[in-house]
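Every chain is numbered from 1 and lettered A, B, ... according to where its sequence line falls, protein lines coming before strand lines. Values in this document were obtained by computation on a predicted structure and should not be read as measured data.
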Amino acid sequence: MNAIDNKWIGKRTIRPDGADKVTGRAGYSADHTMPGMIWGKVLRSPHPHAVIRGIDTAKAEALPGVKAVVTAKDIVDFPLDKSVMLGIQDMRWMCRNVMAREKALFHGHPVAAVAAISEEVAEAACKLIEVDYEVLPHVIEIEDAIKPDAPILHDFVRHEGKPSNIATTMVNKLGDVEAGFAQADLIVERSFTTRPVHQGYIEPHACTVSHAPDGRVTIWSSSQGQFMVRAMTSLLTGIPQSNIRAIPAEIGGGFGAKTIIYLEPVAVLLAKKSGRPVKMVMSRDEVFRATGPTSGSMSTVKIGVKNDGTIVAAQGTFYLQAGGLPGSPLRGPVGCSFSPYHIENVLSVGYDVVSNRSKVAAYRAPGAPLGAYATECVIDEIAEKLGMDKLELRLKNTARPGGKTVYGATFGAITFRETVEAIKHHPHYTAPLDKNPRKGVVRGRGVASGFWFNAGGESSAQLNITEDGNVNVTTGHPDVGGSRASIANVTAELLGIDHSRISVLIGDTSSIGFSNLTGGSRVTFASAMVVTQSAEKVIGQLKERAAKIWKIDPEAVIWDNGEARPAGPNAGQFPPLTLKELAAKANEMGGPIGAGVQLNTTGADPGFATHCVDVEVDVDLGIVRVLRYTAAQDVGRALHPDYVEGQIQGGVVQGIGWALSEEYLYNAKGQLDNASFLDYRMPVCSDVPFIEPIMLEIPNPKHPQGVRGVGEAPIVPPLAAIANAIHDALGKRFFSLPMSPPKVLAVIDAG
Amino acid sequence: MTDIRYLAPPTLDEAVRAFAAAQGAARILAGGTDLLVQMRNGMAKPGTIIDIKKIPELSSVTEAADGSFWVGAAVSGAVLAEHPRFGTVWPGVLEAINLIGSTQVQGRASPGGNLCHGSPAADSVPAMVAAGAVLTIAGPNGRRTLPVEAFPAGPGRTNLAAGEILVGFTLPPRPAGSGDAYLRMIPRTEMDIAVVGVGVSLTMAGGVVTAARVGLGAAAPTVLLVADAARALVGSRLDDAALDAAAAACSAACKPIDDKRGTIVYRTKVAAVLLKRAANIAADRAQGKA
Ligand SMILES: Cc1cc2nc3c(=O)[nH]c(=O)nc-3n(C[C@H](O)[C@H](O)[C@H](O)COP(=O)(O)OP(=O)(O)OC[C@H]3O[C@@H](n4cnc5c(N)ncnc54)[C@H](O)[C@@H]3O)c2cc1C
């Protein structure tokens, strides 16, 4: 299967959803409408922190055109004393995030929702809802939230026996760090901060929902998992899963943040109360204010080395912003920060800190980039102090097969070294850099590495042969990054037929078996696995049919190049039977041809990446521009290279934004001050150079095609790589992100 | 719920009458790239919209025999860029207008809308100030003219009287040896709002500056004409001392705020840096080097 003479795998075929997307025909979340449909709007808290003493909806309900009003009392309550988990989400927090219950915890927190005959009436009705707030002091930043006298968000949260905003602590340990540091010749310890950044998907959250009189619910929405939409909606509304059908719309980006829901259960309850289909669409302002960015952080990383560069001990302390409800991605920095390296003694500790911001949601390699930022900057400084080449220092310490990780796993085959070597020998890294190209401008080069766990998990597929001998493949995963294109390539390869004869579909929750989220870099890995097994079953059926027709043993039939052929003693005795011919005889030979496979997939080994970047700093304005970027990554097998490259390039671009320009800005009143793409500065096209991906195709032995997850590792190194490049340019280290012009200029001017 | 009346009068008189008749409930529409955004986010709820793009005087660019230019208030940046002569005579004004937004936005956005929106960060305004543009304004009481720098009254406010419409800009005849330039600082490369913007217009003879005007944006509640900076440049060969003095004058003129787009310290410093850079570009253009 990994042979280079593949006909379809590895080819840049046209993606099945491409024409619809470029011509505007593709149906996204907000595109669905229904007869009799009405509009839902959310009333949001104007206060960052307030007790909700009461909500009077009478005036809103009396407004002509209003059909239903919903508040927290309509949503299923998950009491605070008992955790109910759905995947990694605690429903206690989800129910309070979807609709504020006891308290409003951030500016923008939903407190009620209205459905009315138009958006305008619904909005007007929201204004008529009277909420009795008892405004409380608020706290936004981590350093303030962990002070002893900080306003406490949740009475039930205790840390070291006292009321606190530290909701949970995660400790990962390996060896004995004290003993390790005692052996060190050099120890570097630095503290860093990063700001919350939003995933910045183009498509705002939206849904259309119908609640039929017989109690059956249909949901049209885009998400990173229609089964998650169904399960969460079921839990939050009390409607059994069998009565909910979640139909995945095309998705305009998620990057992790659409692994939870905001609107669907509210819309279902509005639809149930009103008896009308309900549509809800967030504005960009709502997306910024009330949907999850990733955590901001405060971290300290300490690394000890011998004079020869051997790392003997590492310690990381990571405080992450959870937002108003617990749930920071502690596992990211705690588990990933040191994992590219073989280190005998590691102590990695994470704290989940609540404060009056919107609840965080997953964002590509959740938490790993902010951890790698700290670690990889410290490694850079160590290399500088030891006078060692930065890549040599990494090569000296690469994690080993059989090595134990701080997060508990034992490594199998490891491909980190290959990523470092790829950069080391790349013409980018070996090219000389003119550090002073002209007056007022300096340039620098930086490198950094990164690690991500990757994931397997549940996947389902169904592969059916149509009566005319073509193929329909259905999987249960929304296609965020080109997964249909990869599945089409795999199917064409396995069946030996032309790519154009295959149609790849995404099933809804009632038409395909359970499939877990499109996230964790798992979809191509997991769905290629179940599609492969389905295709193998179908090929088995085809061989049986041919055997029946030829009246020979099925074992004596081979499937080759899209047709059944007699083999062994029977070779050449009968003319081959094509897929079309077999399909035409399907019914007389035993019925329709098709097979499905449902699996909890395993074997998704971790991903590694090493990046190299050149930057240019305008020393009078403090502007940093990225001139050249090369990203090496072990991608296993690129089933469709375009979408592997796309993942790498996209991850890097998001990392550039995180490093240089993106941040949430709050005013003194605890309100988000930059809830638009104008002032929340994601990079635009002209801000970034061509990102050169180096795809290292080292097949994952645990996957039929050798696939390894690729979506998350590429966002892990850029923060540190860029910080290290700026240091190379200016001779100054930066310890907080974003490295925005005023900050950079202040450091330059400080001399 | 609210109905909006849309008018597109073919003459200025009709526009002025309709605007006066609406008694404050109407808004003028040029390209709409500010107005429609305000309407969408609920900041503007006009009962009547008066589209001025059908009025020839407001939609034309003409060069008079004396070399002066008329730029109608509603001319889009893209149309101005297509004019065969405007960009050669006023490259700084043109580059300022066409820094606005993206290609799509430039197809609509006008210098009149940019000025009337009243943003201290409006990109075309410092360049117009440096160019010495004079405005023609029409209202219920007839026409008047006003130097462009006297037009802004504060963030989001202008010195247009009730019922008045901006008709257009007159840019003065250009002596030989003249050049202008506009630079802005934005954290991104495009689609951003100026943290500071500086427009410089120079006339030079034998390497010596004989006339100068400097406009400064996003550094005070309104766009400013910085006369001290211009004075520092006139008579010089743009040597370091003159540029330093002009830069210092620009910094001194700054009365910025600390906000999400920039700090006081940063803006004050950047004003000086941009003045020097813009002056050098204007000088190169004045001397035919660029
Ligand atoms: C995506 C995007 C990017 C942008 N980028 C920039 C940028 O980089 N730099 C920048 O400066 N601006 C930018 N803007 C703002 C805007 O595009 C400019 O201010 C533009 O010049 C406005 O011109 P307009 O013709 O579209 O104005 P309109 O929206 O039509 O009008 C603006 C205001 O002026 C009033 N008005 C218009 N014409 C007249 C008149 N003749 N008499 C009286 N009142 C009048 C209108 O009633 C309204 O209040 C951007 C806007 C968008 C949407």
Side-chain angles (χ1 to χ4, degrees), chain A residues 63-65 116-125 127 283-286 439-440 618-626 656-657 660-667 671-689 738-746 748-750, chain B residues 1-4 33-34 37-43 45 99-105 119 121 183-198 218 240 243-244 247 250-251 256-278 280:
Chain A
L63 186 72
I117 50 166
S118 71
E119 284 184 276
E120 289 82 1
V121 175
E123 251 161 35
K127 296 205 180 92
S283 66
R284 181 63 57 186
D285 182 272
E286 288 179 292
K439 193 169 164 276
D618 179 328
V619 296
D620 297 314
L621 297 179
I623 298 174
V624 178
R625 300 261 182 253
V626 177
I656 291 173
L660 295 179
S661 57
E662 293 180 37
E663 67 181 312
Y664 265 50
L665 300 170
Y666 281 83
N667 66 20
Q671 300 161 333
L672 184 61
D673 210 12
N674 60 334
S676 80
F677 277 133
L678 179 56
D679 289 305
Y680 180 82
R681 293 191 164 104
M682 294 188 75
V684 297
C685 212
S686 53
D687 289 332
V688 293
M739 294 171 286
S740 57
K743 239 190 226 172
V744 172
L745 195 64
I748 293 172
D749 285 349
Chain B
M1 265 194 306
T2 39
D3 288 333
I4 302 172
T33 60
D34 278 318
V37 175
Q38 287 189 330
M39 286 170 61
R40 262 197 80 148
N41 65 24
M43 279 166 65
K45 294 196 171 89
L99 277 177
I100 294 173
S102 56
T103 302
Q104 294 91 326
V105 173
S119 164
L183 287 178
R184 65 172 178 178
M185 189 282 157
I186 52 169
R188 287 183 287 211
T189 44
E190 59 178 13
M191 299 302 283
D192 219 329
I193 277 196
V195 176
V196 176
V198 175
D240 285 351
L243 285 172
D244 284 345
C250 257
S251 287
I257 49 169
D258 269 329
D259 73 357
K260 58 194 172 190
R261 292 172 186 152
T263 59
I264 294 173
V265 177
Y266 185 74
R267 287 187 152 118
T268 308
K269 163 115 201 249
V270 167
V273 174
L274 294 186
L275 176 281
K276 291 186 187 181
R277 292 185 185 179
N280 281 323

For [X], which atoms come within 4.5 Å of any heavy atom of chain B: side chain, backbone, both, or neither?
X       : result
N667(A) : neither
S686(A) : both
Y680(A) : backbone

Would a distance-only check, ignoring hydrogens and angles, find a side-chain to backbone donor-acceptor pair under 3.5 Å from D687(A) to V684(A)?
yes

Using a strict 4.0 Å threshold on nitrogen-to-oxygen distance, state whether D749(A) and K269(B) make a salt bridge.
yes

Ion pair present between D258(B) and R267(B), side-chain N to carboxylate O less than 4.0 angstrom?
no

If you tally heavy-atom pairs under 4.5 Å against chain B, which of I623(A), L665(A), L678(A) wins?
L678(A)

Counting heavy-atom pairs under 4.5 angstrom with chain B, the leader among D620(A), D673(A), D679(A) is D679(A)

How long is the straight-line distance from NZ of K260(B) back to CG of L672(A), given to the nearest 0.5 Å?
9.0 Å

Looking only at non-hydrogen atoms, find the nearest pair between Y266(B) and M185(B) and report the distance.
OH-CE, 3.2 Å

Nearest heavy-atom contact between V198(B) and A271(B) is CG2-O, 3.9 Å

I186(B), part contacting chain A, at a heavy-atom distance under 4.5 Å
backbone

Contact part of R277(B) toward chain A, heavy-atom cut-off under 4.5 Å: side chain, backbone, both or neither?
side chain

Among V195(B), I193(B), V196(B), who wins on heavy-atom pairs under 4.5 Å with chain A?
I193(B)

